[in-house]
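Below you'll find the structure, written out as structure tokens, and then a few comments.
Both ligands and their constituent atoms are indexed starting at 1 by order of listing.
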Amino acid sequence: MGSDLPSRPAIERDMEVDVAIIGAGYTGLWTAYYLKRKAPHLRIALFEARHLGFGASGRNGGWLMGHMLGEFAFLSALPEKDRHAFHHLVSSIPDEAGDVFAREGIDCGFRKGGMLTCAARYPEQADRLAAELEFYRSRGLTDEDNRFLTPAEIARHVRIHNVEGAIFSPHCATIHPAKLVFGLAETLERMQVEIYENSPVSAWTSGELTAHDHRVRAKWVVPCVEGHAAELAPLGRYQLAVQSLQVATEPLGADLWNEIGMAAGEAVHEMSRVVTYFHRTRDDRLVFGARGSYRFGGKLRQDFTLSQQEIDYRRRLVTELFPQLAGVKITHGWGGNLGMTRRFRPFMLADHRSGIASAGGYGGEGVGASNLAGRTLADLILGEDSLLTRAPWAIRNKSLDEALKAWEPEPFRWLGYSAVVNAFTWEDRVLANPRSPATYRKFAIAVADGVSRAVAPELLIG
Ligand SMILES: Cc1cc2nc3c(=O)[nH]c(=O)nc-3n(C[C@H](O)[C@H](O)[C@H](O)COP(=O)(O)OP(=O)(O)OC[C@H]3O[C@@H](n4cnc5c(N)ncnc54)[C@H](O)[C@@H]3O)c2cc1C
């Protein structure tokens, strides 16, 4: 995206609206969109501290998933007869978003090429793949949702070094993240939604907020700041900022892409516990995301100029999967802050007693989930009774304090995060080394399992 993009004005006077949304990322934008479609008479305004898409929405990996963090934990708690409908609500997110893009003329490079979860860099990944498929089967999912692919079948999508198998899900699309932000914003402006940039909210409560020193009275106040919750007290207690980093190669030639594949916009990742994911962009770059970080005290990272070490680390992972890319240039490196709740699952909440609604905590899986959140918040705010408002992640008439568990104080958060990440990174290093003896490999897996079970057991469920 160029620097000649149109900017929006800052708020310059006090005002009164029906719905005041804090933060112009996907959650705020989708919430405004679905509210305005259902209730065109509402006066809705968004207040963004910096500029549109400054947060994770303008800089993510572009996977628009029909999956959500903690989805299976939510579904497992339901009677079996209800699970299918709510699973479908999640898995159909890319189709719903695609319909909106077509209807509103939003050109964000949407391609629904599905998602491949590959067993690649070490043999243990094949065992994990089998266990994951078994888990899906035990939850009633079929080949329609998750299908095993042999190496020959994988090669029709992507040619990865030493791949042993994959799970294919059709429920995933890829998009250009910033183009989606701007397309949604333009759509909203056509619908008479007001968007104010450079308008940081410094105080908010039931019925009003202060943005850029101006008072805004509103029937509904809707903070949508996710990974930036630390900038809007007291939300930082419930959503912890974690950093995620990515790199992009120079545009690759047709010969290289013929070797690699990914022509349909497939989203691909591998079965490592330390996240590694990538796709081919519309302008023929490989965008590759891997691993993140946490800063003591939940401090946001502001400068995402990646160090040479951060770039080299990702280059090494790229070339383990695609040795033929060893010589290509990495032209871009960036990252952003994303939000994680203490129960490692998103929330979508509206409290009619206070007129406060909010959603977030997608934990790196928010591109699709924020669309679901927008629809859910709209129905909750409008007091509708729908499948969306009956979903196990929809919270009616509770305050954030009543609904969400606060994070532990420091140094416990930092110690917990460091234990998990170090155990996972060490396990990955041991397993990726073909010379590691069998007993050492088993020990590394046991340590990673143990730390994960002790610190974040929620992450082990689906
Ligand atoms: C590098 C990276 C890669 C990712 N890749 C993927 C992916 O491929 N697929 C996926 O599903 N998810 C991915 N995610 C996560 C996904 O991008 C986020 O979950 C999603 O964009 C969150 O949207 P949001 O609108 O809730 O928050 P954000 O987009 O973070 O927006 C919050 C906004 O609130 C504003 N704000 C903060 N404080 C204030 C204040 N006081 N006043 C006014 N405004 C304020 C911020 O400036 C920001 O613009 C990734 C995240 C990162 C960082």
Given 3.5 Å as the limit, does a donor-acceptor pair link the side chain of Trp63 with the main chain of Gly368, or not? no
Counting from 1 in the order shown, the ligand 1 atoms closer than 4.0 Å to a non-hydrogen atom of Gly336 are 1 (C), 53 (C)
Between the candidates His279, Gln243, Glu231, which shows the shortest non-hydrogen contact distance to atom 38 (N) of ligand 1? Glu231
Closest non-hydrogen protein atom to atom 35 (C) of ligand 1, residue and atom name please, with distance? Glu48 OE1, 3.3 Å
Suppose we measure from atom 42 (N) of ligand 1 to each protein heavy atom; which comes out shortest, and what is that distance? Val201 N, 2.9 Å
Could you establish whether Trp334 and ligand 1 come within less than 4.0 Å of each other, counting only heavy atoms on the residue side? no
The atoms of ligand 1 lying under 4.0 Å from a heavy atom of Tyr26, numbered in the order shown, are 21 (O), 25 (O)
Taking only non-hydrogen atoms of Glu365 and a 4.0 Å limit, the atoms of ligand 1 in range are 10 (C), 11 (O), 12 (N)
Can any side-chain N or O of Ser399 pair as donor or acceptor with the backbone N or O of Glu402 at less than 3.5 Å? yes
Would you tell me which option among Ile21, Thr27, Val225 has the nearest heavy-atom contact to atom 36 (N) of ligand 1? Val225
Could you check which of Ser358, Gly23, Ser57 puts a non-hydrogen atom nearest to atom 20 (C) of ligand 1? Ser57
Please identify which atoms of ligand 1 are closer than 4.0 Å to at least one heavy atom of Arg50. 47 (O)
Side chain to side chain, Phe74 and Phe86, heavy atoms closer than 4.5 Å: no
Selection from Ala373, Ala369, Gly366 by shortest heavy-atom distance to atom 19 (O) of ligand 1: Gly366
For atom 5 (N) of ligand 1, the closest protein heavy atom turns out to be Gly61 N, 2.8 Å
Please determine if Gly53 has a nitrogen or oxygen closer than 3.5 Å to a nitrogen or oxygen of ligand 1. no
List the closest protein heavy-atom neighbour of atom 44 (N) of ligand 1: residue, atom name, distance to the nearest 0.1 Å. Ala49 N, 3.0 Å
Distance to 0.1 Å, residue and atom name: give those for the protein heavy atom nearest to atom 27 (O) of ligand 1. Glu226 CB, 3.5 Å
For His157 and Phe168, take the angle between the two ring planes, folded into 0 to 90°, and tell me which bin it lands in: parallel under 30, tilted 30 to 60, perpendicular over 60. parallel
Could you pull out every donor-acceptor pair under 3.5 Å between side chains of residues 373-383 and any protein atom, sequence neighbours left out?
unit_1 : atom_1 : unit_2 : atom_2 : d
Arg375 : NE     : Asn371 : OD1    : 3.0
Arg375 : NH2    : Asn371 : OD1    : 2.8
Thr376 : OG1    : Leu372 : O      : 2.6
Asp379 : OD1    : Lys38  : NZ     : 2.7
Asp379 : OD2    : Ser386 : OG     : 2.7

With a 4.5 Å limit on heavy-atom distance, are the side chains of Trp220 and Ile44 in contact? no
For the pair Thr174 and His279, evaluate side-chain hydrogen bond (donor to acceptor under 3.5 Å, both in side chains) and give the outcome as yes or no after the intermediate values. CA-CA 8 Å; Thr174 48; His279 76 280; 4.7 Å; no
Atoms in ligand 1 flagged as close to Tyr362, the criterion being non-hydrogen separation under 4.0 Å: 19 (O), 26 (O)
Tell me which one of Pro223, Ala56, Gly360, Ala267 gets a heavy atom nearest to atom 18 (C) of ligand 1. Ala56
Are Glu226 and Leu338 packed together at the side-chain level, in the sense that at least one heavy-atom pair is separated by less than 4.5 angstrom? yes
Any side-chain heavy-atom pair of Met348 and Ile395 under 4.5 Å: no
Verify salt bridge (charged side-chain N to carboxylate O under 4.0 Å, His left out) between Glu186 and Arg190, making sure each step is shown before the conclusion. CA-CA 6 Å; Glu186 282 156 19; Arg190 281 200 308 273; 5.7 Å; no
At a 4.0 Å threshold, what atoms of ligand 1 neighbour a non-hydrogen atom of Phe47? 43 (C), 44 (N)
Mind running ring-ring contact (aromatic ring centres under 6.0 Å, His included) on Phe278 and Phe322 for me, showing each step along the way? CA-CA 12 Å; Phe278 45 95; Phe322 301 108; 5.5 Å; yes
Can you list everything that forms a ring-ring contact (aromatic ring centres under 6.0 Å, His included) with Tyr238? Sequence neighbours excluded, please. none
Report the part of Met65 (side chain from C-beta onward, or backbone N, CA, C, O) that has a heavy atom under 4.0 Å from ligand 1; answer both or neither where that applies. side chain
Can a non-hydrogen atom of Gly289 be found less than 4.0 Å from any atom of ligand 1? no
For Glu410 and Gly297, indicate whether the former's side chain and the latter's backbone hold a donor-acceptor pair under 3.5 Å. yes
Can Tyr313 and Gln308 be said to form a side-chain hydrogen bond (donor to acceptor under 3.5 Å, both in side chains), step by step? CA-CA 9 Å; Tyr313 180 52; Gln308 198 54 48; over 6 Å; no
Relative to ligand 1, is Trp63 under 4.0 angstrom through side chain, backbone, both or neither, heavy atoms considered? both
Would you mind running through ligand 1 and noting each atom that sits below 4.0 Å from a heavy atom of Leu232? 41 (N)
Nearest non-hydrogen protein atom to atom 31 (O) of ligand 1, with distance, is Gly25 CA, 3.7 Å
Heavy-atom nearest neighbour in the protein, as seen from atom 13 (C) of ligand 1, with distance rounded to 0.1 Å: Gly364 O, 3.2 Å
Please state whether Ser370 comes within less than 4.0 angstrom of ligand 1, counting heavy atoms only. no
Report the part of Cys224 in contact with ligand 1, treating N, CA, C, O as backbone and CB onward as side chain, heavy atoms under 4.0 Å; options are side chain, backbone, both, neither. backbone
Check against salt bridge (charged side-chain N to carboxylate O under 4.0 Å, His left out), Arg301 and Glu310: CA-CA 14 Å; Arg301 177 167 168 178; Glu310 286 172 327; 3.0 Å; yes
Name the closest protein heavy atom to atom 50 (C) of ligand 1, giving the residue it belongs to and the distance to 0.1 Å. Asn60 CB, 3.4 Å
Run the numbers for me: atoms of ligand 1, each under 4.0 Å from some heavy atom of Pro200, listed by number. 42 (N)
For Lys112 and Asp95, run salt bridge (charged side-chain N to carboxylate O under 4.0 Å, His left out): C-alpha distance rounded to whole Å, both residues' side-chain angles, the deciding distance at 0.1 Å, then the answer. CA-CA 8 Å; Lys112 194 174 167 225; Asp95 292 333; 3.1 Å; yes
